[in-house]
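Take a look at the structure set out below.
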Amino acid sequence: MASTSSERPSSSYSAPRQQYDVFISFQGEDTRNTFTHHLYEALERAHFVVFRDDKSIQPGEYISSALIEAIEGSQYAIIVLSENYASSKLCLDELVKTGQTVLPVFYNVKPSDVHKQTGPFAIDIAHGTSVNNERIQKWRDALRLVANIAGWDMDPSSKSSVIVVQAIVKLIRESVDENNFLNIYKDLVGMESSVKEMMDLVNKRLKDVLFIGIWGVETGNLVPYQKEVLKHIFKREFNITSIYSGKQIIRKMLCGRKVLIALDNVSEKGQLDTILLVTHEVDDIYEVKPLDNYKALELFSRKAFKQAHPENDFVDLSNDFVKYAQGLPLALECFGSFLHNKEIDVWKSYLGELEENSEGEILTKLEIIYKRILDKNVKELFLDIAFFFKGMDKNQVANILNDPGYLANLVFLQNNSLITIFQGKLWMHDLLQAMGRVVVRHEAIHEPRRRSRLWKYEDIFSILTNNTGTEYVKGMMLNSPPCKEDLNANAFSKIGGLELIKICSAVRFWGLNHLSNQLRMMEWHDYPLKSMPRSFRPCNLVELTMPNSQIEQLPEVFNVRLLLMQFIIIIIITVN
């Protein structure tokens with residue numbers, strides 16, 4: 001069976017449950033080149049992902065598993081009921097399978113004929129004894145159901161086609177926007193006034209290009225922003241390996257389009273250039289204000305008690321925690337989530353620790369939550385996400401870590417508001433990420449070589465160039481300006497036990513004699529050499545990413561592993 005669709009990209013790790021926004025069921029001869037064609041194009045122009053079955057399947061055949069998957073993977077089903085719809089076994093099978101929001105269009109047919117199964121919807125006359133009774137009964141039930149749904153009556157001889165198409169697109173757009181908002185923001189408190197103030201700024205100059213800066217405490221990597229901008233506009237993934245390549249793709253794809261983009265985390269013009277390629281002045285600044293005590297208590301209560309107010313025995317304690325959160329939603333969520341279902345003695349003990357740090361920064365207060373986590377593996381996963389896996393697919397991370405307790409630990413972090421999972425990807429608030437770095441720094445304040453993870457350029461460079469070395473460092477992330485000095489060939493021999501490497505800036509070597517054989521993930525941008533060390537035997541390596549590298553040959557062990565298919569390994573290499 002052939003089909004025409006604007007499909008979402010498939011994931012290397014797990015396909016999303018919802019593959020399409022809309023599934024269109026129609027009888028080809030009646031409407032393929034008329035109404036259905038116009039409807040399909042209008043939905044695509046509105047950036048919906050649409051599956052339209054073209055039905056080259058032969059009469060009498062059953063619905064395919066791929067078609068069932070497309071129907072069940074769509075949020076909306078538009079059923080175009082036309083004169084010959086009921087003559088198609090496949091159309092009727094599609095109708096039976098629709099379980100999502102159904103939008104019927106009665107194209108030159110009467111809803112009463114559909115309900116009573118008379119006229120062109122007389123199934124017995126159309127199919128006789130060629131179909132078993134059970135299948136026919138399912139068709140009858142489905143037709144009665146769809147006939148009772150409010151839809152659109154359409155006379156093809158009139159101009160109602162354009163009106164119906166516009167009405168359908170408008171209804172789906174409004175419904176999708178509302179559902180997305182409710183699904184993502186259902187737990188947010190105190191948003192109404194902030195949204196109103198923002199919209200007042202936008203409504204000042206609806207016809208102009210308007211830049212509004214949202215002032216908050218945020219930082220971030222720029223390549224994911226480029227990917228997100230393109231993904232939300234074009235409904236598909238883009239392979240962006242560097243800020244420069246991202247700028248080129250954005251320039252090409254957004255040329256000639258009118259686009260409204262709301263950007264958060266922008267504090268420098270260079271960040272804006274990354275997305276929009278030009279330098280702009282900000283027209284308005286909107287300062288995100290802390291929650292007032294009333295809204296803060298509501299948000300805290302929704303996390304701690306799963307309701308809008310505290311329980312009677314916890315009112316005073318709840319107000320104390322709200323005071324220490326200083327109106328910051330993140331702190332309120334973390335405090336409340338951690339205290340959910342805890343005894344009152346735990347509340348008092350935790351409050352005592354906060355009181356001891358009453359003058360400390362919010363990071364210090366959040367760190368108390370981390371210290372109260374008893375499971376070492378949960379703490380390790382939190383730090384791994386903070387340093388290496390923020391923004392990555394959760395199944396991808398599962399492959400890299402290969403930890404049987406990974407999913408349970410992930411649920412714990414999510415339930416305690418220390419991470420969020422959105423569209424299968426792991427996310428963490430920037431303040432929590434900063435807290436993770438504070439935790440690692442406190443492992444050895446004055447001796448970076450004794451820390452479990454390295455991220456500061458000065459610390460990494462000092463260890464790589466001096467003879468001190470380290471006993472064990474789980475991961476190293478270098479995301480700073482290019483190193484100004486060349487490193488000697490034995491630099492990495494000074495770092496023991498390295499499992500995770502992320503190097504996103506240019507590093508120059510006089511050769512390279514050593515890389516850790518314990519590596520599970522290696523992401524190295526602008527790798528400067530033509531080969532890897534001969535001694536490199538990465539038997540645990542799961543993911544190797546080397547964009548813009550100079551490498552010409554991989555170690556022989558890679559060929560052996562791929563030949564024997566003993567390991568899952570993802571290799572992404574681009575060569576200058």
Side-chain angles (χ1 to χ4, degrees), residues 1 3-5 18-44 46 48-55 57 62-64 67-123 126-127 135-156 160-161 163-173 175-176:
M1 180 185 69
S3 64
T4 303
S5 61
Q18 183 187 318
Q19 294 176 286
Y20 305 97
D21 296 312
V22 181
F23 178 91
I24 305 178
S25 176
F26 66 100
Q27 205 285 332
E29 294 178 1
D30 288 348
T31 66
R32 176 186 289 114
N33 299 318
T34 53
F35 174 75
T36 299
H37 173 74
H38 299 314
L39 176 62
Y40 179 82
E41 289 196 332
L43 289 166
E44 283 218 310
F48 291 115
V49 184
V50 187
F51 187 100
R52 175 184 61 175
D53 172 31
D54 280 343
K55 295 185 180 63
I57 193 168
Y62 283 81
I63 188 170
S64 70
L67 190 54
I68 292 174
E69 185 178 338
I71 296 170
E72 294 176 347
S74 301
Q75 187 173 355
Y76 295 88
I78 300 175
I79 312 298
V80 184
L81 297 155
S82 56
E83 289 185 32
N84 292 301
Y85 188 90
S87 67
S88 166
K89 296 181 178 69
L90 183 58
C91 283
L92 294 170
D93 283 341
E94 288 177 355
L95 182 62
V96 169
K97 289 294 180 182
T98 54
Q100 62 281 72
T101 303
V102 175
L103 305 175
V105 176
F106 300 95
Y107 185 90
N108 204 30
V109 299
K110 298 177 181 178
S112 59
D113 283 343
V114 179
H115 185 269
K116 297 176 183 178
Q117 287 144 44
T118 56
F121 286 86
I123 294 176
H127 300 288
R135 193 178 180 192
I136 284 184
Q137 188 57 48
K138 288 181 178 179
W139 292 347
R140 289 186 183 282
D141 294 341
L143 286 169
R144 291 193 188 99
L145 285 173
V146 76
N148 288 327
I149 298 174
W152 292 268
D153 295 340
M154 224 196 83
D155 180 0
S160 62
S161 174
I163 298 173
V164 171
V165 167
Q166 291 175 344
I168 292 174
V169 173
K170 182 175 183 291
L171 184 148
I172 294 177
R173 181 189 287 117
S175 180
V176 167

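Basis for what follows: all heavy atoms, side chains included, without hydrogens, waters or symmetry-related copies. Given the structure is predicted, the values throughout are model-derived calculations rather than measurements.
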Minimum side-chain heavy-atom gap Leu90-Leu67 below 4.5 Å = yes
Would you check if Val165 and Phe35 make a side-chain contact, meaning some heavy-atom pair closer than 4.5 Å?
-> yes
For Lys116, side chain to side chain donor-acceptor pair (under 3.5 Å) partners two or more places apart = none
Please name all residues satisfying side chain to side chain donor-acceptor pair (under 3.5 Å) with Thr34, sequence neighbours left out, ordered by chain then number.
-> none
Tell me, please, which residues at least two apart from Ser160 pass side chain to side chain contact (heavy atoms under 4.5 Å, CB included).
-> Met154, Ser158
Inspect the contact between Asp93 and Arg135 and indicate whether a charged nitrogen and a carboxylate oxygen are less than 4.0 angstrom apart.
-> yes
CD1-CG distance between Ile24 and Leu39, expressed to the nearest 0.5 angstrom = 4.5 Å
What heavy-atom pair brings Ile71 and Lys97 nearest, and what distance separates the two atoms?
-> CG2-O, 3.9 Å
Verify, without hydrogens or angle tests, whether Ser88 (side chain) and Tyr85 (backbone) share a donor-acceptor contact under 3.5 angstrom.
-> no
Tyr107 meets the side chain to side chain donor-acceptor pair (under 3.5 Å) criterion, sequence neighbours left out, with none
For Glu83 and Pro120, indicate whether the former's side chain and the latter's backbone hold a donor-acceptor pair under 3.5 Å.
-> no
Output the distance between atom CG (Asp155) and atom CG (Asn108), rounded to the nearest 0.5 Å.
-> 6.0 Å
By side chain to side chain donor-acceptor pair (under 3.5 Å), which residues pair with Asp30, not counting sequence neighbours?
-> Ser82, Asn84
Does any pair with a residue in residues 141-153 pass side chain to side chain donor-acceptor pair (under 3.5 Å), and if so which ones, sequence neighbours excluded?
-> Gln137-Asp141, Asp141-Arg144
Which residues pass the side chain to side chain contact (heavy atoms under 4.5 Å, CB included) test with Glu41, sequence neighbours left out?
-> His37, Arg45
Contacts of type side chain to side chain contact (heavy atoms under 4.5 Å, CB included), residue Ile163, not counting sequence neighbours = none
In this structure, NE2 of His38 is separated from OG1 of Thr36 (nearest 0.5 Å) by 9.5 Å
Rounded to the nearest 0.5 Å, what's the gap from CG on Leu171 to OH on Tyr76? Could you check?
-> 7.0 Å
Does Leu103 reach the side chain of Ile172, with side-chain heavy atoms less than 4.5 Å apart?
-> yes
Smallest separation among heavy atoms of Ser25 and Glu94, with atom names | OG-OE1, 2.6 Å
In Å, rounded to the nearest 0.5 Å, how long is the span from OG1 of Thr98 to CG of Leu145?
-> 8.5 Å
What distance do Phe26 atom CZ and Ile78 atom CD1 have between them, rounded to the nearest 0.5 Å?
-> 11.5 Å
Is there side-chain contact between Val146 and Phe106, with at least one heavy-atom pair below 4.5 Å?
-> no
Passes side chain to side chain contact (heavy atoms under 4.5 Å, CB included), Phe121 versus Leu92? Steps please.
-> CA-CA 11 Å; Phe121 286 86; Leu92 294 170; 5.9 Å; no
Any sub-3.5 Å donor-acceptor pair from Asp21's side-chain atoms to Val50's backbone N or O?
-> no
Can you list the residues that meet the side chain to side chain contact (heavy atoms under 4.5 Å, CB included) rule with Lys170, with sequence neighbours excluded?
-> Glu174
Ala147 versus Pro111, closest heavy-atom pair with distance = CB-O, 3.8 Å
